[in-house]
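Just so it is clear, the model here is predicted, and its values are computed rather than measured. The basis for the numbers below is simple: all heavy atoms, side chains too, and nothing from hydrogens, waters or symmetry mates.
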Amino acid sequence: MYPTVADVLASPSVQAGDPRVRAGEESLDRPVRWVHVSEIADVAGTLEGGELLLSTGIVTTAPGADPAGYVTALHEAGVSALVVELGGRLPVLPDPMVRTARRLGFPLVELRRSVRFVDITEAVHTWILDVQHERLRFTQQVNQVFTTLTVEGARVEEILAQASALGGHPVVLEDLAHHAIAFSGTTRAGELLRDWESRSRLAVGGETGVAGPERWLTTPVGPRRGRWGRLVVPLAVPDIESVVTVLERAADTLAITRMLQRENRDITLDAHGGLLRDLLAGQVTDEQAVNARLRALGLRAGRAYAVLVLAVPGDPSADVDQSAVDAAASTARGQGRAALTGVIAPGRVAVVFACPADTDEPAAVRSFRSAMSGQPRLPAGMVVAAASPTTRLTGLSAALEEASHVADAVSADPGRVGEREVYRTRDLGARGLLWSLRADPRLQQFTELQLQPLLSHRAHRHEEQDLLDLLRSYLDANGNIAVLARTLHLSRPAVYARLKRLTDVLGRDLADAETRLSLHLAVLAYDQATRVPG
């Protein structure tokens, strides 16, 4: 920021003149863009505004001088202040000059001791040049940061984080309906986004500038004929010029990255995904903060919430994920539901919507799943997992984690995909427990000890029927020899012969229920460890 009149008066070179403010004390915060020395009556025509004028007062003592008119002309020219050195020719400031300055609120200062004007101009100009150099350096830094973000195709959250860090204030991105899509720069979301829509409508402005009773600084986002949002610093900013530089470059970056990625992409759904990811990561734990973010997105809290996670099959891509998001969002709109819908991880799409009560959640989930099945953009083979309903917004974090766990566990077992329309934790059984413990060394040790004879046998022999596959088929048949014979397309005597070899290699009695349980758990854990989750 440029030095103010008060800053200049406090400098040693001016203090040496024993300054006394005669008028305009309330305007000493005016910025000083330059210092000019002049004794010309019509100097106002040569000024551009923002100057601090130094004078010995000759203009006020010349024949036909008009001190009041002189001060008025300087004020109208945008001069920041007039500093007059008193002396033998001008021992006191003329009363008309002082009265006019006070009426206009124009800073008028007298120096009661003689000083070297060159010392003042040199000190202040050095200060101003340093400020200008710092502004240039800051502008270059801003351009470099946002150019890098543009080239990298950064996400909205990353762009806002940089804008907030560079500008030093919270930054909010809203859409044309005044819904807060994303924000950065504070963890106090409840306070920042309080009554956002109504407050934002009071700060409407076309181009970059200050608007509204709270003096928000705003700038539009998108091309002139295709505006789709607005960046807002929702508070009064002292250094407007620097923050405007940041906001405008951030707005350009948002517009360019959106155009490059996909111009028709729904930015509101991107915002939904951001809130869902924050909930899943446990970054939003305050009921008021969650409620404020929901309301800022144009959504309303409910008495209970259904929480679903859709697992996209195969190798997920951004387009596939977006198709799933679009399908889920379209289904919610078709049912008249206000839903949070967004990508929480590659291949994972979350959906959260309100229910009248937690007892209504099962029927609401079934209805939503049935309606979603008719969506043409829905990828085939998708797993739909549901968490236990929650009645508090702060419970959404745990519910999203639960539904994600179910989706991951089912996706890791391709044989189970398609068994149910909707999967819940209770449907996982032992497989869900083993999935939770899959990284535990104790489970890995248990699995190795139980299956080691078969795995070693596989490594050293090449047989028509792998004994581990035989054990898996035997367990799937629940030990029923007739079912196993039909599955393997063998006679019962041939099956008994193979089971005899399996028992010999294992050194275990397959007729023992506890032995079968241990082997079954080991096989399930082994299969989970060797599969790549879909």
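Using a cut-off of 4.0 Å between Lys/Arg side-chain N and Asp/Glu carboxylate O, Arg277 and Glu157 are scored as salt-bridged. Comment: Asp278 engages Arg293 in a salt bridge, judged by a side-chain N to carboxylate O separation of less than 4.0 angstrom. Using a 4.0 Å cut-off between charged side-chain N and carboxylate O, Arg135 and Asp239 make a salt bridge. With salt bridges taken as basic N to acidic carboxylate O contacts below 4.0 Å, one links Glu207 and Arg227.
Side chain of Asp130 to backbone of Trp127: no donor-acceptor contact under 3.5 angstrom is found. For Ser164 (side chain) and His169 (main-chain N/O), a donor-acceptor pair under 3.5 Å exists by modelled atom type. Put simply, the side chain of Ser404 gets close to the backbone of Leu400: a donor and an acceptor are under 3.5 Å apart. Using modelled atom types, one side-chain atom of Asp66 and one backbone atom of Gly69 make a donor-acceptor pair closer than 3.5 Å. Not one N or O on the side chain of Glu401 forms a donor-acceptor pair closer than 3.5 Å with the backbone of Leu280. In this structure a side-chain-to-backbone donor-acceptor pair under 3.5 Å is present from Ser198 to Asp195. The closest donor-acceptor contact from the side chain of Ser27 to the backbone of Phe106 lies at 3.5 Å or more, if one exists at all. Under the 3.5 Å distance criterion, the side-chain polar atoms of Ser397 are matched with a main-chain donor or acceptor of Leu279. Side-chain atoms of Arg112 come within 3.5 Å of backbone N or O of Asp18 as a donor-acceptor pair. Checking side-chain atoms of Glu85 against main-chain N and O of Val115 turns up a donor-acceptor pair under 3.5 Å.
The shortest side-chain heavy-atom distance between Arg199 and Arg194 falls under the 4.5 Å cut-off. Put simply, the side chain of Leu149 reaches to within 4.5 Å of the side chain of Gln162, judged on heavy atoms. Side-chain atoms of Arg99 and Pro96, non-hydrogen and from C-beta on, do get closer than 4.5 Å to each other. Contact of the Asp7 side chain with the Val32 side chain is not registered, since no non-hydrogen atoms from C-beta on lie closer than 4.5 Å. Side-chain atoms of Val325 and Val343, non-hydrogen and from C-beta on, do get closer than 4.5 Å to each other. Counting only heavy atoms from C-beta outward, the side chains of Leu129 and Gln132 approach each other to under 4.5 Å.
Because its NZ or CZ atom is not both nearer than 6.0 Å to the ring centre of Phe146 and within 45° of the ring axis, Arg249 does not count as a cation-pi partner of that residue. Cation-pi geometry between Arg258 and Trp228 is met: under 6.0 angstrom from the ring centre, within 45 degrees of the axis.
Within 6.0 Å of CZ in Arg188 there are 12 or fewer heavy atoms belonging to other residues, nucleotides or ligands. When the shell of 6.0 Å around CD of Glu214 is examined, it contains more than 12 heavy atoms from other residues, nucleotides or ligands. Counting heavy-atom neighbours within 6.0 Å of Arg303 CZ, excluding the residue itself, gives a total of 12 or less. Other residues, nucleotides and ligands contribute at most 12 non-hydrogen atoms within 6.0 Å of the CZ atom of Arg89. For Glu26, the CD atom is densely surrounded, since the number of other residues' heavy atoms within 6.0 Å is greater than 12.
With rounding to the nearest 0.5 Å, the separation of CG in Leu308 from CG in Leu340 is 12.0 Å. With rounding to the nearest 0.5 angstrom, the OG1 atom of Thr341 is 7.5 Å from the CG atom of Leu276. The SG atom of Cys355 sits 10.0 Å away from the OH atom of Tyr305 when rounded to the nearest 0.5 Å. Note: Leu90 CG to Thr60 OG1 = 4.5 Å, rounded to the nearest 0.5 Å. Expressed to the nearest 0.5 Å, how far CG of Leu166 lies from CD of Gln141 amounts to 5.5 Å. Expressed to the nearest 0.5 Å, how far CG of Leu108 lies from CD of Glu25 amounts to 9.5 Å.
Counting only residues at least two apart or in different chains, side-chain hydrogen bond (donor to acceptor under 3.5 Å, both in side chains) contacts with residues 45-55 comprise Arg33-Glu51, Glu39-Ser55.
Nearest heavy-atom pair across Ala407 and Ala385 is N-CB, 3.6 Å. Here the closest heavy-atom approach between residue Val8 and residue Ser11 is recorded as O-OG, 2.6 Å. Considering all non-hydrogen atoms of both residues, Ser388 and Ala399 come closest at O-CB, 4.3 Å. In terms of heavy atoms, Ala250 sits closest to Ile159 at O-CG2, 4.0 Å. The two residues Trp216 and Leu235 come nearest to each other via the heavy atoms CD1-N, 3.5 Å. The two residues Ala403 and Val307 make their nearest non-hydrogen contact at CB-O, 4.2 Å.
The six-membered or imidazole ring of Phe353 lies near that of Phe368, with a centre-to-centre distance under 6.0 Å. In this structure, His125 has its ring center under 6.0 Å from that of Trp34.
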* Give the C-alpha distance, both sets of side-chain angles, the deciding distance and a yes or no for side-chain contact (heavy atoms from CB on, under 4.5 Å) between Arg30 and Thr4. => CA-CA 5 Å; Arg30 290 181 179 179; Thr4 64; over 6 Å; no
* Verify side chain to side chain donor-acceptor pair (under 3.5 Å) between Arg155 and Thr257, making sure each step is shown before the conclusion. => CA-CA 8 Å; Arg155 297 176 56 176; Thr257 53; over 6 Å; no
* **Residues Leu231, Leu254; criterion side-chain contact (heavy atoms from CB on, under 4.5 Å); working and verdict** => CA-CA 10 Å; Leu231 282 178; Leu254 286 167; 3.9 Å; yes
* Given Met372 and Val384, is the side-chain contact (heavy atoms from CB on, under 4.5 Å) satisfied, shown in steps? -> CA-CA 10 Å; Met372 193 172 59; Val384 179; 3.9 Å; yes
* Asked: Stepwise, does the side chain to side chain donor-acceptor pair (under 3.5 Å) test hold for Ser411 with Asp408?
  -> CA-CA 5 Å; Ser411 299; Asp408 290 344; 5.7 Å; no
* Could you go through the side-chain contact (heavy atoms from CB on, under 4.5 Å) check for Leu193 and Arg295 one step at a time? => CA-CA 8 Å; Leu193 302 177; Arg295 291 176 64 88; over 6 Å; no
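Using modelled atom types, one finds no donor on one side chain facing an acceptor on the other under 3.5 Å when comparing Arg337 with Thr331.
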Please list every donor-acceptor pair under 3.5 Å in which a side-chain atom of residues 73-81 meets a protein atom from a residue at least two apart or in another chain.
residue: Ser80; atom: OG; partner: Pro31; partner atom: O; Å: 2.7
residue: Ser80; atom: OG; partner: Gly50; partner atom: O; Å: 3.3

